[in-house]
Protein chains: 2
Amino acid sequence: MPERKRLTLKDLAAEIDVHYSTVSRVMNPATRHLVAQDVAARILEVAEARGFRPNRIAAGLRTQRSGLVGVVLPDIANPVFPPILAGIESVLAQKGYVPIVVNAGTDKSRQRFIIDQMIGRQVEGLVLATAEREDAVLDYCIRQHIPVVTVNRGEETGRVSCVVSDNLLAMRLTVDHLVGLGHRHIAHIAGPAALSTGFLRREGFVQAVRRHRLRRDAWHVIEAASYSREAGKLACAQLLEAFPAVTAIAAGNDLVAMGCYDLLRERGLDCPADISVVGHNDMPFADALTPPLTTVRIAVHEMGEEAARLLLRQIDKPGSDAVTVQLTPQLIVRGSTAAPRDDAP
Amino acid sequence: MPERKRLTLKDLAAEIDVHYSTVSRVMNPATRHLVAQDVAARILEVAEARGFRPNRIAAGLRTQRSGLVGVVLPDIANPVFPPILAGIESVLAQKGYVPIVVNAGTDKSRQRFIIDQMIGRQVEGLVLATAEREDAVLDYCIRQHIPVVTVNRGEETGRVSCVVSDNLLAMRLTVDHLVGLGHRHIAHIAGPAALSTGFLRREGFVQAVRRHRLRRDAWHVIEAASYSREAGKLACAQLLEAFPAVTAIAAGNDLVAMGCYDLLRERGLDCPADISVVGHNDMPFADALTPPLTTVRIAVHEMGEEAARLLLRQIDKPGSDAVTVQLTPQLIVRGSTAAPRDDAP
DNA sequence: CTGAAAGCGCTTACAG
DNA sequence: CTGAAAGCGCTTACAG
C-alpha cells in the first residue's frame, strides 16, 4: 500500500484545465476575488471533492512565513504549564499558527540547541517559559533578532516582552491574610532566586512584612533548591530548625507547599492548627489536598493567551516595543490557614 | 531594527567562493564525505562563525520530508496527557522530528479540521489521543494513507497501531485487591463506553467479579458521563441509590475517584471505613489526596515513547502491519481501600 | 480575468 | 571532488 502521492496545484489545474496559478488564487481566500466567480466555484468544487489541501510548507517557503511558533518549556509535567500551553495554542490557532512544543529542561546549552533547531525550522517567534533573570539563551535569541516573549517568568532588562502574574501583589495578599488571622511569626520558603518568580515573591514577602511593621525577628526567609515537593520538604525542615517560632508559611509555590505538608505530617504537626501554609499557583486539585490549600490563583490560561498575542504583534511589527503584561492574581482561602494557637509564641 | 535576513547556502557559498551545492553537501553529515576534507573544514568553520542554520523547510520541500509529527490531544489539562506528550516528544527528538501539538477537544468535526491543517503542513504522521472505539476521524486518516497511531485509547478494527495500557488486567488487579480485603459488594463507575478505556475497564471489571464468582446482585456497574470529577460525583450519587449495599468502588479513573471522594464527604461517609475507592492512572498527587488514593499506575511516559517509536517505524516502512502494544499496569495500594466494616451487608 | 515566468532555499542526479 | 542544472509546490509581480 504505497502512500498515495499528495495532490498539488498542478494536478488540480490539469484536471480542470486552467493554469495552476489560477487555482492558487482561488485556494487563498484573500486572492479569490481576482478570479471569475464561475471559475472559482468550479475549482473550489473539485478541490473539495478531491480533498486537495495546498502545501503550506511550499507556500511558506515562497512567502517566508512558516506559520510556526516555538514553545520552549522547562518541564511539561509541572502542572502550571499545560494550561499556559493551552492558552498559547488557542490564540495561535485563531491566526493560523501552530506551536512546536519542546520540553527543554533546565540546561541552558540544551535549550540553545533546541532553539537553534527551531530557528532552522523557520519558526516566526518563540515563547519561552524557561527564562531566568539573567538568561544567556534569551540574549542569544535577541541577538538573532527573532521575536520572543517570555511567559510566567519575566526578565530583568526589559528587552523582551513578558507575561507574568503580579508576584509582589501575590505575596502581599498572602501576608495580609496571614497577619489578618493573627500570625506574628511568618516565614517564606522562596523559589530559586535565579528565577524572577522566586526573586520577586521573596521581594514581595519582605515588602509585605515590612508594611505590617513586623520586627526583623518575627519573619524569616529560606530558599528552596527548586520548585518541587522534595525541595519544599527539605526547606521546611531547615525552616523549623532556624525559626522555631513560625506559625505560618508562605510557600514559593504549591509544590513547595505540598512539601511542607509532607514534613509537617512527618513531624506530627497539624496544618493549620500548628502551622498555616499558603501556596502559589492554585494548581489543579489544590482544593483536594488535606487540608485544602489556601493559595494564590494565577491566570494561567490568560497568561498563555496574552503571550501568544504579544508574540503575534511582535511578528507583525518587528520593531515594536517590548512590553510587560502583569496579570492580577487572586488569593483563594481554603483550609490550610487559620488563626495561630492562643499559646503560640 | 529590521530583522536581519537569515543566511542561505548561497550567501555562505559566495563568502567562501565555492558552489552552494558544495556547502549543502557539507552541512549534511551524510554527504559530507563527498567533499575534500580541507574544503569541508573551511565551510564548517565559516558556517559556525556566521551561525548558519540551513532552512529545514526548504530542505523538506525538496526531500518531501517535513520532520513534523502531529499530536492530537482531547484536553491537555487532563493530567494523563502531559507525560504522554513528554514521552512522544523525547523519542521524536532523538530522530530529528518535532511534534505539532493541538488541543482538539472532543468534537469530531473540529478534530478533522485540525487534522486537515496538519496534513496541509505536511506532517509525516499523526499520534491521536482522541480515538474512540468507532472513530470517523480515524477512518478519515486511514483513507488519507497517513501513518497514524493511537495512544492511551485503542481502536477496534486493528487497522492502526495502538499503544495502550492493559485495561482488563487493571480491573482484575483492582477487583482482586478489593475481594482480598473482604469486600462482597463491589461497584464500578465506568468511563464512557464509546472510549476503549471505558469499554474495556468495564469489561475487565465484569470478568473479574465473575472469576470471583460474585453473585449478580453482589456487583453493579454504572457509567459516568465523562472522565471528570463532576461526572464521577454524579455517578457516585446514582450508584448509592441503585446499589446501597456497596462497600467498594472501582472508579473508571482518578478523576472519577475524586468525584466519589467529593460525594462521600458530602454524605458524611468515610473512605475507606464506609466505602473503599480505587482509581486508575495514578495521576500526579494521587498520593496527596485524603485518603491517599489506591489506584492503578499506568506507564504514561513509556506509552508516549512507544507510540512515537511505532509511528516512526510506520513512517519508515509505510506498508508495515498495525500492531497493538499493551503496557502492563500496576496496582498501587494506598489509604483509600480497607476491609469493609464488620456490620457491612 | 488568466497565463507564463521567476524565485523562495534547498537536494541530488548528472557531468566533468 | 566540484559545479551546473533541475525541481520540490507554492505566490505574485508582470503581461496580455
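Here is the naming used below: chain letters follow the sequence lines, and residue numbers restart at 1 for every chain. All values derive from a computational prediction rather than experimental measurement.
For A:Leu61 and A:Asn28, each mapped to the nucleotide of DNA chain D holding its nearest heavy atom, the one lying further toward the 5' end belongs to A:Leu61. Mapped onto DNA chain C by nearest heavy atom, B:Leu7 and A:His33 fall at different nucleotides, with A:His33 at the one closer to the 5' end.
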Check against side-chain hydrogen bond (donor to acceptor under 3.5 Å, both in side chains), A:Tyr227 and A:Thr197: CA-CA 10 Å; A:Tyr227 279 126; A:Thr197 52; 3.0 Å; yes
Assess the residue pair A:Asp135 and A:Lys108 against the criterion (salt bridge (charged side-chain N to carboxylate O under 4.0 Å, His left out)); give the C-alpha distance rounded to whole Å, side-chain angles, the decisive distance to 0.1 Å, and a yes or no. CA-CA 8 Å; A:Asp135 194 319; A:Lys108 288 296 159 190; 2.8 Å; yes
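Annotation: salt bridge (charged side-chain N to carboxylate O under 4.0 Å, His left out) contacts involving residues 47-61 of chain A, sequence neighbours excluded, comprise A:Glu15-A:Arg50, A:Arg53-B:Asp116.
Summarising the geometry, the separation between CE on B:Met27 and P on C:dT12 is reported as 15 Å, rounded to the nearest angstrom. Between the CZ atom of B:Arg32 and the C1' atom of C:dT11 there is a distance of 16 Å, given to the nearest Å. In this structure, CZ of A:Arg56 is placed 10 Å from P of D:dT11, rounded to the nearest angstrom. Remark: C1' of C:dG7 and CG of B:Leu9 are 15 Å apart, rounded to the nearest angstrom. For A:Arg6 and D:dC8, the CZ to C1' distance is 14 Å, given to the nearest whole Å. Going from atom CD of B:Gln122 over to atom C1' of D:dC10 covers 11 Å, rounded to whole Å. The CG-C1' distance, from A:Asp11 to D:dC10, rounds to 13 Å in whole Å. Look at CD1 on A:Ile43: it is 13 Å from P on C:dC1, rounded to the nearest Å.
Side-chain atoms of B:Thr157 and B:Glu155 form a donor-acceptor pair, as typed in the model, at a separation below 3.5 Å.
Checked by atom type and distance alone, the side chain of B:Asp107 pairs as donor or acceptor with a backbone atom of B:Arg110 at under 3.5 Å.
Residue B:Phe52 places its side chain closer to C:dC10 than to any other of C:dT2, D:dG9, C:dC10. Between C:dC1, C:dC10, C:dC8, one nucleotide has an atom nearer to the side chain of A:Gln64 than all others, and that is C:dC8. Of the listed nucleotides (D:dG9, C:dT12, C:dG9), C:dG9 has the atom at the smallest distance from the side chain of B:Asn55.
For B:Arg42 and B:Glu45, the salt-bridge test fails: no basic side-chain N is under 4.0 Å from an acidic carboxylate O. The residues A:Glu124 and A:Arg65 are annotated as salt-bridged, a charged nitrogen and a carboxylate oxygen being separated by less than 4.0 angstrom. Taking the charged nitrogens against the carboxylate oxygens, B:Arg159 and B:Asp139 do have a contact shorter than 4.0 Å, which makes a salt bridge.
Looking at heavy-atom distances under 4.0 Å, A:Thr63 makes contact with sugar-phosphate atoms alone, never a base.
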Check: protein-nucleotides 3-6 of chain C nitrogen or oxygen pairs below 3.5 Å:
from  : atom 1 : to      : atom 2 : distance (Å)
C:dG3 : OP2    : A:His19 : N      : 2.8
C:dG3 : OP2    : A:Thr22 : OG1    : 2.8
C:dG3 : N7     : A:Arg25 : NH1    : 3.4
C:dG3 : O6     : A:Arg25 : NH2    : 2.5
C:dA4 : OP2    : A:His19 : ND1    : 3.1
C:dA4 : N7     : A:His19 : NE2    : 3.1

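In terms of heavy-atom proximity, A:Cys162 sits nearest to A:Leu310 at O-CD2, 4.2 Å.
Pairing analysis of DNA chain C (Watson-Crick: purine N1 to pyrimidine N3 plus N6-O4 or O6-N4; G-U wobble: N1-O2 and O6-N3; both under 3.5 Å) yields stems of 3 or more pairs at C:1-3 with D:14-16, C:5-12 with D:5-12, C:14-16 with D:1-3.
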